[in-house]
Amino acid sequence: MAVLEPIRTSKGQPRRFRVAHPATLEPLGELVVTPADEVREAVRKAREAQKKWARVPVADRARLMLRAVDILLERQEEYIDVIMRDTGRGRVETILMEIIPAVDTMAYYARHAERLLADRTVSNQTLLKAKKLVITCRPMGVFGVITPWNGPFVLAVNPAVPALLAGNAVVIKPSEVTPFSGRLFVDLFRAAGFPTDLVQCVDGDGETGAALIEAGVDKLSFTGSTATGRKVGEACGRNLIPFTLELGGKDAAIVCADADLDRAVSGVISGCMFNTGQFCCGIERVYVVESIAEEFIRRVVAEVRELRQHWDGTQDVSAMISPAQVDIIEDHVNDAVSRGARVLIGGRRNDSFRGAAYEPTVLVDVNHGMKVMTDETFGPVLPIMVVRDEDEALALANDSIYGLSGTVWTKDQDKALALARRMETGSVCVNETSLTFGAHNAPFGGVKQSGVGRVHGEAAIRQFCHEVPVIFDRLGLKKEQNWYPLSEDKGDGMQKFIRIFYGSKLLRKLV
Ligand code: NDP
(Lines give C-alpha, C1' and ligand atoms only; values in the text may rest on other atoms or scores of the structure.)
Protein backbone atom coordinates (compact mmCIF):
# COMPACT_ATOMS: atom_id res chain seq x y z
CA MET A 1 0.00 0.00 0.00
CA ALA A 2 1.37 3.38 -0.92
CA VAL A 3 0.05 4.88 2.27
CA LEU A 4 2.32 2.46 4.11
CA GLU A 5 5.92 1.98 3.11
CA PRO A 6 8.13 -0.52 4.96
CA ILE A 7 11.35 0.94 6.39
CA ARG A 8 14.41 -1.25 6.24
CA THR A 9 15.39 -2.30 9.78
CA SER A 10 18.28 -4.37 11.05
CA LYS A 11 17.70 -7.95 12.21
CA GLY A 12 16.12 -8.17 15.66
CA GLN A 13 14.70 -4.64 15.44
CA PRO A 14 10.91 -4.17 15.35
CA ARG A 15 9.45 -3.71 11.86
CA ARG A 16 8.64 -0.09 10.94
CA PHE A 17 6.52 1.63 8.31
CA ARG A 18 6.25 5.16 6.94
CA VAL A 19 2.61 6.25 6.93
CA ALA A 20 1.29 8.71 4.33
CA HIS A 21 -1.96 10.64 3.85
CA PRO A 22 -4.23 8.59 1.53
CA ALA A 23 -5.30 11.57 -0.60
CA THR A 24 -2.18 13.75 -0.68
CA LEU A 25 0.57 11.23 0.16
CA GLU A 26 2.00 13.79 2.60
CA PRO A 27 4.04 11.91 5.27
CA LEU A 28 2.17 11.43 8.55
CA GLY A 29 4.75 9.64 10.67
CA GLU A 30 6.07 6.20 11.43
CA LEU A 31 4.45 3.07 12.71
CA VAL A 32 6.64 0.81 14.85
CA VAL A 33 5.26 -2.73 15.05
CA THR A 34 4.81 -4.06 18.59
CA PRO A 35 6.69 -7.37 18.81
CA ALA A 36 4.78 -10.46 19.98
CA ASP A 37 6.54 -10.55 23.40
CA GLU A 38 5.45 -6.94 24.03
CA VAL A 39 1.90 -7.82 23.02
CA ARG A 40 1.95 -10.59 25.65
CA GLU A 41 3.38 -8.14 28.21
CA ALA A 42 0.60 -5.63 27.40
CA VAL A 43 -2.02 -8.31 28.05
CA ARG A 44 -0.29 -9.34 31.28
CA LYS A 45 -0.24 -5.73 32.56
CA ALA A 46 -3.85 -5.26 31.47
CA ARG A 47 -4.82 -8.33 33.48
CA GLU A 48 -3.19 -6.88 36.62
CA ALA A 49 -4.90 -3.52 36.12
CA GLN A 50 -8.24 -5.23 35.50
CA LYS A 51 -8.19 -6.98 38.88
CA LYS A 52 -8.28 -3.59 40.63
CA TRP A 53 -10.70 -2.08 38.12
CA ALA A 54 -13.20 -4.89 38.71
CA ARG A 55 -13.51 -3.67 42.31
CA VAL A 56 -14.30 -0.07 41.29
CA PRO A 57 -18.08 0.51 41.62
CA VAL A 58 -19.90 0.80 38.30
CA ALA A 59 -21.08 4.31 39.22
CA ASP A 60 -17.44 5.44 39.55
CA ARG A 61 -16.51 3.82 36.24
CA ALA A 62 -19.43 5.68 34.66
CA ARG A 63 -18.24 8.99 36.15
CA LEU A 64 -14.84 8.51 34.45
CA MET A 65 -16.60 7.69 31.20
CA LEU A 66 -18.52 10.97 31.38
CA ARG A 67 -15.22 12.76 31.95
CA ALA A 68 -14.01 11.14 28.71
CA VAL A 69 -17.11 12.56 26.98
CA ASP A 70 -16.20 16.06 28.23
CA ILE A 71 -12.61 15.68 27.02
CA LEU A 72 -13.71 14.47 23.61
CA LEU A 73 -16.08 17.41 23.30
CA GLU A 74 -13.34 19.85 24.31
CA ARG A 75 -10.66 18.38 22.06
CA GLN A 76 -12.79 17.30 19.15
CA GLU A 77 -11.00 19.47 16.57
CA GLU A 78 -7.69 17.82 17.46
CA TYR A 79 -9.28 14.36 17.11
CA ILE A 80 -11.04 15.27 13.86
CA ASP A 81 -7.72 16.45 12.38
CA VAL A 82 -5.93 13.20 13.19
CA ILE A 83 -8.75 11.04 11.81
CA MET A 84 -9.04 13.16 8.65
CA ARG A 85 -5.32 12.80 8.01
CA ASP A 86 -5.30 9.04 8.63
CA THR A 87 -8.34 8.33 6.45
CA GLY A 88 -8.27 11.14 3.86
CA ARG A 89 -11.91 11.75 4.74
CA GLY A 90 -13.78 15.09 4.94
CA ARG A 91 -14.47 17.02 8.14
CA VAL A 92 -18.27 16.66 8.22
CA GLU A 93 -18.05 12.94 7.49
CA THR A 94 -15.58 12.59 10.34
CA ILE A 95 -17.93 14.34 12.74
CA LEU A 96 -20.85 12.20 11.54
CA MET A 97 -19.07 8.89 11.47
CA GLU A 98 -16.61 9.12 14.38
CA ILE A 99 -17.27 11.91 16.85
CA ILE A 100 -21.06 11.85 17.23
CA PRO A 101 -21.38 8.05 17.52
CA ALA A 102 -18.44 7.93 19.95
CA VAL A 103 -19.87 10.60 22.24
CA ASP A 104 -23.29 8.99 22.02
CA THR A 105 -21.97 5.51 22.88
CA MET A 106 -20.00 6.80 25.86
CA ALA A 107 -22.89 8.86 27.22
CA TYR A 108 -25.47 6.12 26.66
CA TYR A 109 -23.58 3.33 28.39
CA ALA A 110 -22.36 5.64 31.18
CA ARG A 111 -25.98 6.51 31.91
CA HIS A 112 -27.32 2.95 31.80
CA ALA A 113 -24.38 0.81 32.96
CA GLU A 114 -25.38 0.64 36.61
CA ARG A 115 -28.90 -0.52 35.76
CA LEU A 116 -27.79 -2.95 33.06
CA LEU A 117 -25.06 -4.53 35.18
CA ALA A 118 -27.02 -4.71 38.44
CA ASP A 119 -27.82 -8.09 39.99
CA ARG A 120 -31.19 -9.31 38.71
CA THR A 121 -33.52 -11.38 40.85
CA VAL A 122 -35.38 -13.54 38.40
CA SER A 123 -38.64 -15.37 38.94
CA ASN A 124 -38.07 -19.12 38.75
CA GLN A 125 -40.05 -21.62 36.74
CA THR A 126 -42.36 -24.01 38.59
CA LEU A 127 -39.99 -26.72 39.71
CA LEU A 128 -37.65 -24.16 41.26
CA LYS A 129 -40.30 -21.83 42.68
CA ALA A 130 -39.08 -22.53 46.21
CA LYS A 131 -35.63 -21.16 45.33
CA LYS A 132 -34.44 -17.64 44.80
CA LEU A 133 -32.43 -16.96 41.62
CA VAL A 134 -30.08 -14.00 41.31
CA ILE A 135 -28.07 -13.38 38.13
CA THR A 136 -24.88 -11.40 38.70
CA CYS A 137 -22.40 -10.03 36.16
CA ARG A 138 -18.71 -10.81 36.60
CA PRO A 139 -16.22 -9.07 34.25
CA MET A 140 -14.42 -11.37 31.85
CA GLY A 141 -10.90 -9.96 32.17
CA VAL A 142 -8.91 -8.62 29.22
CA PHE A 143 -10.84 -7.74 26.11
CA GLY A 144 -9.02 -7.61 22.75
CA VAL A 145 -10.28 -5.29 20.02
CA ILE A 146 -9.07 -5.52 16.41
CA THR A 147 -10.33 -2.71 14.19
CA PRO A 148 -10.37 -1.87 10.47
CA TRP A 149 -9.33 1.40 8.84
CA ASN A 150 -12.74 2.60 7.73
CA GLY A 151 -13.97 3.69 11.18
CA PRO A 152 -10.66 3.74 13.03
CA PHE A 153 -11.77 5.68 16.12
CA VAL A 154 -15.43 4.80 16.59
CA LEU A 155 -14.98 1.11 15.87
CA ALA A 156 -12.55 0.98 18.81
CA VAL A 157 -14.75 3.09 21.07
CA ASN A 158 -17.95 1.16 20.36
CA PRO A 159 -16.93 -2.20 21.81
CA ALA A 160 -14.44 -0.79 24.34
CA VAL A 161 -16.91 1.45 26.18
CA PRO A 162 -19.32 -1.26 27.38
CA ALA A 163 -16.33 -3.56 28.04
CA LEU A 164 -14.64 -0.99 30.32
CA LEU A 165 -17.86 -0.12 32.13
CA ALA A 166 -18.45 -3.82 32.70
CA GLY A 167 -15.10 -3.99 34.53
CA ASN A 168 -12.75 -5.27 31.85
CA ALA A 169 -9.38 -4.07 30.56
CA VAL A 170 -9.06 -3.34 26.83
CA VAL A 171 -6.12 -3.89 24.47
CA ILE A 172 -6.70 -2.60 20.96
CA LYS A 173 -4.90 -3.40 17.71
CA PRO A 174 -5.83 -0.68 15.18
CA SER A 175 -5.41 -1.16 11.45
CA GLU A 176 -1.85 -0.53 10.36
CA VAL A 177 -3.24 1.86 7.72
CA THR A 178 -4.80 4.20 10.30
CA PRO A 179 -2.56 3.79 13.36
CA PHE A 180 -2.80 7.34 14.71
CA SER A 181 -6.61 7.34 14.95
CA GLY A 182 -6.47 4.03 16.77
CA ARG A 183 -4.16 5.54 19.38
CA LEU A 184 -6.58 8.45 20.02
CA PHE A 185 -8.81 6.03 21.82
CA VAL A 186 -6.08 5.22 24.36
CA ASP A 187 -5.14 8.90 24.78
CA LEU A 188 -8.77 9.79 25.46
CA PHE A 189 -9.37 7.24 28.19
CA ARG A 190 -6.05 7.87 29.89
CA ALA A 191 -6.68 11.62 29.85
CA ALA A 192 -10.03 10.95 31.52
CA GLY A 193 -8.26 9.12 34.36
CA PHE A 194 -8.69 5.46 33.42
CA PRO A 195 -5.65 3.55 34.78
CA THR A 196 -2.74 3.48 32.28
CA ASP A 197 -2.51 -0.30 31.89
CA LEU A 198 -6.26 -0.73 31.72
CA VAL A 199 -6.48 0.71 28.21
CA GLN A 200 -3.61 -0.12 25.87
CA CYS A 201 -2.80 -0.13 22.20
CA VAL A 202 -0.52 -2.51 20.32
CA ASP A 203 0.57 -1.49 16.82
CA GLY A 204 1.09 -3.41 13.64
CA ASP A 205 -0.55 -5.46 10.94
CA GLY A 206 -2.15 -8.88 10.81
CA GLU A 207 0.77 -10.46 12.69
CA THR A 208 0.14 -8.20 15.68
CA GLY A 209 -3.59 -8.97 15.53
CA ALA A 210 -2.83 -12.69 15.53
CA ALA A 211 -0.35 -12.20 18.42
CA LEU A 212 -3.05 -10.42 20.45
CA ILE A 213 -5.38 -13.42 20.14
CA GLU A 214 -2.56 -15.81 21.10
CA ALA A 215 -1.57 -13.59 24.06
CA GLY A 216 -4.51 -14.96 26.03
CA VAL A 217 -7.22 -12.29 25.90
CA ASP A 218 -10.49 -13.41 27.49
CA LYS A 219 -12.77 -12.15 24.72
CA LEU A 220 -12.18 -10.68 21.29
CA SER A 221 -14.08 -8.21 19.15
CA PHE A 222 -13.04 -8.18 15.51
CA THR A 223 -14.29 -5.77 12.86
CA GLY A 224 -12.97 -6.26 9.36
CA SER A 225 -13.26 -8.33 6.22
CA THR A 226 -14.92 -11.72 6.00
CA ALA A 227 -11.65 -13.33 4.85
CA THR A 228 -9.70 -12.12 7.90
CA GLY A 229 -12.69 -12.73 10.17
CA ARG A 230 -12.59 -16.40 9.23
CA LYS A 231 -8.91 -16.62 10.31
CA VAL A 232 -9.66 -14.73 13.51
CA GLY A 233 -12.61 -17.03 14.27
CA GLU A 234 -10.39 -20.08 13.76
CA ALA A 235 -7.70 -18.69 16.08
CA CYS A 236 -10.29 -17.83 18.74
CA GLY A 237 -11.84 -21.26 18.41
CA ARG A 238 -8.45 -22.93 18.87
CA ASN A 239 -7.87 -20.84 22.00
CA LEU A 240 -11.52 -21.24 23.16
CA ILE A 241 -11.93 -17.47 23.36
CA PRO A 242 -15.47 -16.08 22.92
CA PHE A 243 -15.61 -13.60 20.06
CA THR A 244 -17.77 -11.33 17.94
CA LEU A 245 -17.07 -10.82 14.24
CA GLU A 246 -18.40 -7.75 12.45
CA LEU A 247 -17.62 -8.46 8.82
CA GLY A 248 -18.17 -7.36 5.27
CA GLY A 249 -21.43 -6.76 3.48
CA LYS A 250 -23.14 -6.24 0.13
CA ASP A 251 -26.12 -4.25 1.31
CA ALA A 252 -29.06 -4.02 -1.05
CA ALA A 253 -31.57 -1.19 -1.47
CA ILE A 254 -35.07 -2.14 -2.63
CA VAL A 255 -36.81 0.82 -4.22
CA CYS A 256 -40.55 0.11 -4.41
CA ALA A 257 -42.98 1.56 -6.94
CA ASP A 258 -44.54 3.83 -4.30
CA ALA A 259 -41.23 5.22 -2.95
CA ASP A 260 -40.89 8.94 -2.30
CA LEU A 261 -38.51 9.45 -5.20
CA ASP A 262 -36.82 12.60 -3.87
CA ARG A 263 -35.96 10.87 -0.62
CA ALA A 264 -35.08 7.52 -2.19
CA VAL A 265 -32.69 9.09 -4.71
CA SER A 266 -30.84 11.22 -2.12
CA GLY A 267 -30.88 8.45 0.49
CA VAL A 268 -29.54 5.77 -1.83
CA ILE A 269 -26.74 8.05 -3.05
CA SER A 270 -25.75 9.05 0.48
CA GLY A 271 -25.99 5.43 1.61
CA CYS A 272 -23.65 4.39 -1.17
CA MET A 273 -21.14 7.24 -1.38
CA PHE A 274 -20.73 8.02 2.35
CA ASN A 275 -17.08 7.66 3.38
CA THR A 276 -16.35 7.30 -0.35
CA GLY A 277 -18.21 3.99 -0.28
CA GLN A 278 -15.90 2.56 2.38
CA PHE A 279 -18.67 1.82 4.83
CA CYS A 280 -19.66 -1.61 6.12
CA CYS A 281 -23.40 -1.00 5.84
CA GLY A 282 -23.17 1.22 2.78
CA ILE A 283 -25.53 0.52 -0.11
CA GLU A 284 -23.66 -1.62 -2.66
CA ARG A 285 -26.51 -2.57 -5.04
CA VAL A 286 -29.94 -1.21 -5.90
CA TYR A 287 -33.06 -3.02 -7.15
CA VAL A 288 -35.63 -0.60 -8.51
CA VAL A 289 -39.12 -1.58 -9.67
CA GLU A 290 -39.52 -1.03 -13.43
CA SER A 291 -42.50 1.35 -13.25
CA ILE A 292 -40.31 4.08 -11.68
CA ALA A 293 -36.88 2.90 -12.84
CA GLU A 294 -36.30 5.37 -15.65
CA GLU A 295 -37.09 8.41 -13.53
CA PHE A 296 -35.15 7.05 -10.53
CA ILE A 297 -32.04 6.39 -12.61
CA ARG A 298 -32.24 9.78 -14.33
CA ARG A 299 -32.38 11.56 -10.97
CA VAL A 300 -29.62 9.44 -9.44
CA VAL A 301 -27.25 10.33 -12.27
CA ALA A 302 -28.14 14.03 -11.98
CA GLU A 303 -27.45 14.06 -8.21
CA VAL A 304 -24.25 12.02 -8.47
CA ARG A 305 -22.98 14.56 -11.02
CA GLU A 306 -23.25 17.23 -8.28
CA LEU A 307 -20.94 15.37 -5.83
CA ARG A 308 -17.69 17.23 -5.17
CA GLN A 309 -14.62 14.99 -5.22
CA HIS A 310 -11.30 16.59 -4.26
CA TRP A 311 -9.24 16.94 -1.12
CA ASP A 312 -9.37 19.97 1.12
CA GLY A 313 -11.50 18.52 3.88
CA THR A 314 -14.78 20.02 2.62
CA GLN A 315 -15.45 17.52 -0.17
CA ASP A 316 -18.34 15.07 -0.47
CA VAL A 317 -16.25 12.23 -1.88
CA SER A 318 -12.53 11.69 -1.39
CA ALA A 319 -9.66 9.39 -2.30
CA MET A 320 -9.70 5.73 -1.35
CA ILE A 321 -7.70 4.57 1.64
CA SER A 322 -5.13 2.85 -0.60
CA PRO A 323 -4.34 1.96 -4.23
CA ALA A 324 -5.26 -1.66 -3.44
CA GLN A 325 -8.83 -0.52 -2.79
CA VAL A 326 -8.99 1.27 -6.16
CA ASP A 327 -7.72 -1.89 -7.86
CA ILE A 328 -10.70 -3.80 -6.44
CA ILE A 329 -13.17 -1.16 -7.64
CA GLU A 330 -11.62 -1.02 -11.08
CA ASP A 331 -11.70 -4.79 -11.34
CA HIS A 332 -15.42 -4.89 -10.42
CA VAL A 333 -16.39 -2.11 -12.84
CA ASN A 334 -14.32 -3.55 -15.70
CA ASP A 335 -15.74 -7.00 -15.09
CA ALA A 336 -19.29 -5.59 -15.19
CA VAL A 337 -18.66 -3.61 -18.38
CA SER A 338 -17.08 -6.62 -20.08
CA ARG A 339 -20.32 -8.53 -19.31
CA GLY A 340 -22.66 -5.88 -20.70
CA ALA A 341 -23.08 -3.25 -17.98
CA ARG A 342 -23.29 0.42 -19.00
CA VAL A 343 -21.51 3.22 -17.15
CA LEU A 344 -23.83 6.24 -16.85
CA ILE A 345 -21.35 8.38 -14.95
CA GLY A 346 -17.83 7.87 -13.58
CA GLY A 347 -16.31 4.48 -14.29
CA ARG A 348 -12.70 5.60 -14.09
CA ARG A 349 -9.92 6.64 -11.71
CA ASN A 350 -9.73 10.26 -10.62
CA ASP A 351 -6.17 11.26 -11.37
CA SER A 352 -6.43 14.72 -9.81
CA PHE A 353 -5.34 13.17 -6.47
CA ARG A 354 -1.77 12.27 -5.62
CA GLY A 355 -3.28 9.34 -3.74
CA ALA A 356 -5.58 6.78 -5.37
CA ALA A 357 -9.14 7.82 -6.17
CA TYR A 358 -12.09 6.57 -8.21
CA GLU A 359 -14.91 8.72 -9.55
CA PRO A 360 -18.45 8.29 -8.19
CA THR A 361 -19.95 5.78 -10.58
CA VAL A 362 -23.42 4.64 -11.61
CA LEU A 363 -23.87 1.38 -13.53
CA VAL A 364 -26.99 -0.09 -15.16
CA ASP A 365 -27.74 -3.31 -17.10
CA VAL A 366 -26.08 -5.23 -14.30
CA ASN A 367 -26.83 -8.78 -13.16
CA HIS A 368 -25.67 -11.33 -10.61
CA GLY A 369 -23.12 -12.79 -13.00
CA MET A 370 -21.00 -9.69 -12.28
CA LYS A 371 -18.66 -9.18 -9.30
CA VAL A 372 -20.10 -5.71 -8.72
CA MET A 373 -23.40 -7.35 -7.68
CA THR A 374 -21.96 -10.18 -5.59
CA ASP A 375 -18.58 -9.19 -4.06
CA GLU A 376 -17.93 -6.37 -1.62
CA THR A 377 -16.75 -3.40 -3.75
CA PHE A 378 -16.25 -0.91 -0.88
CA GLY A 379 -16.12 2.13 -3.13
CA PRO A 380 -18.26 4.91 -4.65
CA VAL A 381 -20.01 2.61 -7.11
CA LEU A 382 -23.78 2.32 -7.45
CA PRO A 383 -24.98 -0.56 -9.65
CA ILE A 384 -28.72 -0.33 -10.36
CA MET A 385 -30.77 -3.33 -11.53
CA VAL A 386 -34.33 -2.93 -12.82
CA VAL A 387 -36.76 -5.56 -11.52
CA ARG A 388 -40.40 -6.50 -12.22
CA ASP A 389 -41.66 -6.09 -8.67
CA GLU A 390 -40.68 -6.13 -5.00
CA ASP A 391 -40.72 -9.92 -4.79
CA GLU A 392 -38.08 -10.17 -7.48
CA ALA A 393 -36.09 -7.42 -5.73
CA LEU A 394 -36.23 -9.33 -2.45
CA ALA A 395 -35.18 -12.62 -4.04
CA LEU A 396 -32.18 -10.88 -5.62
CA ALA A 397 -31.33 -8.99 -2.41
CA ASN A 398 -31.25 -12.33 -0.58
CA ASP A 399 -29.14 -13.94 -3.31
CA SER A 400 -25.89 -13.08 -1.52
CA ILE A 401 -23.33 -14.71 0.74
CA TYR A 402 -23.53 -11.53 2.85
CA GLY A 403 -26.28 -10.33 5.17
CA LEU A 404 -25.19 -7.25 7.09
CA SER A 405 -27.92 -4.68 6.53
CA GLY A 406 -30.41 -3.55 3.91
CA THR A 407 -32.76 -0.72 3.02
CA VAL A 408 -36.34 -0.51 1.74
CA TRP A 409 -37.78 2.62 0.13
CA THR A 410 -41.59 2.82 0.20
CA LYS A 411 -44.39 4.96 1.65
CA ASP A 412 -46.20 1.83 2.88
CA GLN A 413 -44.98 0.89 6.38
CA ASP A 414 -46.76 -2.50 6.38
CA LYS A 415 -45.16 -3.46 3.11
CA ALA A 416 -41.78 -2.26 4.44
CA LEU A 417 -42.08 -4.37 7.56
CA ALA A 418 -43.14 -7.42 5.56
CA LEU A 419 -40.10 -7.01 3.29
CA ALA A 420 -37.81 -6.36 6.28
CA ARG A 421 -38.97 -9.61 7.92
CA ARG A 422 -38.00 -11.57 4.80
CA MET A 423 -34.72 -9.77 4.12
CA GLU A 424 -31.82 -12.04 5.14
CA THR A 425 -29.79 -9.39 6.95
CA GLY A 426 -28.89 -8.46 10.52
CA SER A 427 -30.84 -5.20 10.32
CA VAL A 428 -33.01 -3.17 7.94
CA CYS A 429 -33.63 0.57 7.51
CA VAL A 430 -36.82 1.90 5.93
CA ASN A 431 -36.47 5.19 4.05
CA GLU A 432 -33.17 5.55 5.92
CA THR A 433 -29.64 4.21 5.67
CA SER A 434 -27.27 2.57 8.16
CA LEU A 435 -28.93 4.06 11.24
CA THR A 436 -29.34 0.68 12.92
CA PHE A 437 -25.59 0.83 13.61
CA GLY A 438 -26.12 3.88 15.82
CA ALA A 439 -29.15 2.57 17.75
CA HIS A 440 -27.65 1.63 21.10
CA ASN A 441 -30.74 -0.12 22.35
CA ALA A 442 -30.81 -2.41 19.30
CA PRO A 443 -28.57 -5.41 18.67
CA PHE A 444 -26.33 -4.93 15.62
CA GLY A 445 -24.53 -7.58 13.60
CA GLY A 446 -24.61 -9.61 10.43
CA VAL A 447 -26.05 -12.91 9.30
CA LYS A 448 -24.54 -15.36 6.77
CA GLN A 449 -20.91 -14.33 6.08
CA SER A 450 -21.37 -10.83 7.51
CA GLY A 451 -20.70 -11.72 11.08
CA VAL A 452 -21.01 -13.76 14.22
CA GLY A 453 -22.64 -12.39 17.36
CA ARG A 454 -24.16 -9.02 18.12
CA VAL A 455 -22.85 -5.73 19.43
CA HIS A 456 -24.83 -2.80 20.88
CA GLY A 457 -28.21 -3.19 22.53
CA GLU A 458 -28.97 -3.46 26.22
CA ALA A 459 -27.72 -7.04 26.24
CA ALA A 460 -24.35 -6.00 24.75
CA ILE A 461 -22.83 -4.73 27.97
CA ARG A 462 -23.68 -8.01 29.72
CA GLN A 463 -21.92 -9.88 26.93
CA PHE A 464 -18.69 -8.46 28.31
CA CYS A 465 -19.39 -10.30 31.55
CA HIS A 466 -19.89 -13.83 32.64
CA GLU A 467 -23.53 -13.82 33.67
CA VAL A 468 -23.44 -15.96 36.79
CA PRO A 469 -26.69 -17.40 38.15
CA VAL A 470 -26.70 -17.86 41.92
CA ILE A 471 -29.48 -19.98 43.42
CA PHE A 472 -30.49 -19.64 47.08
CA ASP A 473 -32.60 -22.04 49.06
CA ARG A 474 -35.52 -20.19 50.65
CA LEU A 475 -37.27 -22.77 52.86
CA GLY A 476 -34.40 -24.14 54.92
CA LEU A 477 -35.76 -27.74 55.05
CA LYS A 478 -33.49 -30.39 56.49
CA LYS A 479 -33.53 -32.29 53.20
CA GLU A 480 -34.71 -31.84 49.61
CA GLN A 481 -36.85 -34.38 47.72
CA ASN A 482 -34.12 -34.96 45.17
CA TRP A 483 -31.42 -35.71 47.76
CA TYR A 484 -30.56 -39.21 49.03
CA PRO A 485 -32.08 -41.59 49.67
CA LEU A 486 -33.67 -41.84 46.19
CA SER A 487 -36.54 -44.09 47.24
CA GLU A 488 -39.18 -45.53 44.87
CA ASP A 489 -41.85 -43.56 46.77
CA LYS A 490 -40.12 -40.28 45.93
CA GLY A 491 -39.96 -41.22 42.25
CA ASP A 492 -43.68 -42.08 42.22
CA GLY A 493 -44.52 -38.80 43.98
CA MET A 494 -42.50 -36.77 41.48
CA GLN A 495 -44.16 -38.50 38.53
CA LYS A 496 -47.59 -37.77 40.02
CA PHE A 497 -46.61 -34.15 40.49
CA ILE A 498 -45.39 -33.60 36.91
CA ARG A 499 -48.43 -35.41 35.49
CA ILE A 500 -50.80 -33.13 37.40
CA PHE A 501 -48.82 -30.02 36.79
CA TYR A 502 -47.75 -30.25 33.15
CA GLY A 503 -50.89 -32.19 32.17
CA SER A 504 -53.16 -29.30 33.12
CA LYS A 505 -53.63 -26.47 30.61
CA LEU A 506 -54.27 -24.07 33.47
CA LEU A 507 -51.26 -25.04 35.60
CA ARG A 508 -48.93 -25.06 32.58
CA LYS A 509 -49.41 -21.30 32.49
CA LEU A 510 -47.46 -21.08 35.74
CA VAL A 511 -44.32 -22.57 34.16
P1 NDP B 1 -9.17 -6.50 7.32
O2 NDP B 1 -9.92 -7.75 7.57
O3 NDP B 1 -8.13 -6.47 6.28
O4 NDP B 1 -8.45 -6.01 8.67
C5 NDP B 1 -9.15 -5.82 9.88
C6 NDP B 1 -8.16 -5.85 11.03
O7 NDP B 1 -7.64 -7.16 11.21
C8 NDP B 1 -6.95 -4.95 10.81
O9 NDP B 1 -6.57 -4.36 12.03
C10 NDP B 1 -5.93 -5.94 10.31
O11 NDP B 1 -4.61 -5.48 10.45
C12 NDP B 1 -6.22 -7.12 11.22
N13 NDP B 1 -5.73 -8.42 10.77
C14 NDP B 1 -5.31 -8.80 9.53
N15 NDP B 1 -4.95 -10.12 9.54
C16 NDP B 1 -5.16 -10.58 10.80
C17 NDP B 1 -5.00 -11.86 11.45
N18 NDP B 1 -4.57 -12.94 10.80
N19 NDP B 1 -5.31 -11.96 12.76
C20 NDP B 1 -5.78 -10.90 13.45
N21 NDP B 1 -5.95 -9.66 12.90
C22 NDP B 1 -5.65 -9.50 11.59
O23 NDP B 1 -10.29 -5.37 7.08
P24 NDP B 1 -10.06 -3.87 6.58
O25 NDP B 1 -9.19 -3.15 7.55
O26 NDP B 1 -9.71 -3.91 5.14
O27 NDP B 1 -11.55 -3.26 6.77
C28 NDP B 1 -12.53 -3.28 5.80
C29 NDP B 1 -13.51 -4.41 6.06
O30 NDP B 1 -14.14 -4.24 7.33
C31 NDP B 1 -14.65 -4.44 5.06
O32 NDP B 1 -14.89 -5.76 4.65
C33 NDP B 1 -15.85 -3.92 5.86
O34 NDP B 1 -17.09 -4.36 5.37
C35 NDP B 1 -15.54 -4.46 7.23
N36 NDP B 1 -16.26 -3.72 8.26
C37 NDP B 1 -17.33 -4.30 8.90
C38 NDP B 1 -18.08 -3.59 9.83
C39 NDP B 1 -19.26 -4.21 10.53
O40 NDP B 1 -19.76 -3.61 11.49
N41 NDP B 1 -19.74 -5.36 10.11
C42 NDP B 1 -17.75 -2.20 10.18
C43 NDP B 1 -16.61 -1.68 9.44
C44 NDP B 1 -15.89 -2.43 8.54
P45 NDP B 1 -3.96 -4.57 9.28
O46 NDP B 1 -5.01 -3.72 8.68
O47 NDP B 1 -2.98 -3.79 10.02
O48 NDP B 1 -3.42 -5.56 8.30
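Atoms within a ligand are numbered from 1 in the order they appear, just like the ligands themselves.
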For Arg15, the option from Leu31, Thr34, Asp205 that meets side-chain contact (heavy atoms from CB on, under 4.5 Å):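 Answer to the side-chain contact (heavy atoms from CB on, under 4.5 Å) test with Arg15 among Leu31, Thr34, Asp205: Asp205.
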
We want to know whether Thr228 and Ser225 form a side-chain donor-acceptor pair, criterion being a heavy-atom distance below 3.5 angstrom.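 Result is yes, a qualifying pair exists.
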
With heavy atoms under 4.0 Å as the rule, classify the contact between [X] and ligand 1 as side chain, backbone, both or neither.
X	result
Gln278	neither
Leu155	side chain
Leu404	side chain
Ile146	side chain

Against heavy atoms of Val232, which atoms of ligand 1 measure under 4.0 Å?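 So the answer, numbered in order with elements, is 19 (N), 20 (C).
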
If you count the atoms of ligand 1 from 1 in the order shown, which ones are under 4.0 Å from a heavy atom of Phe444?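 So the answer, numbered in order with elements, is 40 (O).
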
Exactly one of Lys173, Arg16, Arg183 should register a salt bridge (Lys or Arg N to Asp or Glu O under 4.0 Å) with Asp203. Which one does?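 Output: one option passes, namely Arg183.
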
Shortest heavy-atom approach to [atom] - which of [options]:
atom	options	answer
atom 20 (C) of ligand 1	Gly249, Gly209, Pro179	Gly209
atom 7 (O) of ligand 1	Phe222, Phe437, Trp149, Phe279	Phe222
atom 17 (C) of ligand 1	Ser405, Cys281, Gly206	Gly206
atom 35 (C) of ligand 1	Gly224, Pro148, Ser450, Cys280	Gly224

Using a strict 4.0 Å threshold on nitrogen-to-oxygen distance, state whether [X] and [Y] make a salt bridge.
X	Y	value
Arg18	Glu30	no
Asp81	Arg91	no
Glu376	Lys371	no

Below the 3.5 angstrom mark, is there an N/O of [X], backbone or side chain, next to an N/O of ligand 1?
X	value
Ser225	yes
Thr147	yes
Lys173	yes
Asn150	no

Would the [X] and [Y] ring centres measure less than 6.0 Å apart?
X	Y	result
Tyr79	Phe153	yes
Trp53	Phe143	no
Phe353	His310	no
Phe243	Phe222	no

Any heavy atom of Gly445 closer to ligand 1 than 4.0 angstrom?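 No, Gly445 has no heavy atom closer than 4.0 Å to ligand 1.
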
Nearest-neighbour protein heavy atom for atom 19 (N) of ligand 1, which is reported as residue plus atom name and distance: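 Here the closest protein heavy atom is Ala210 N, 3.5 Å.
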
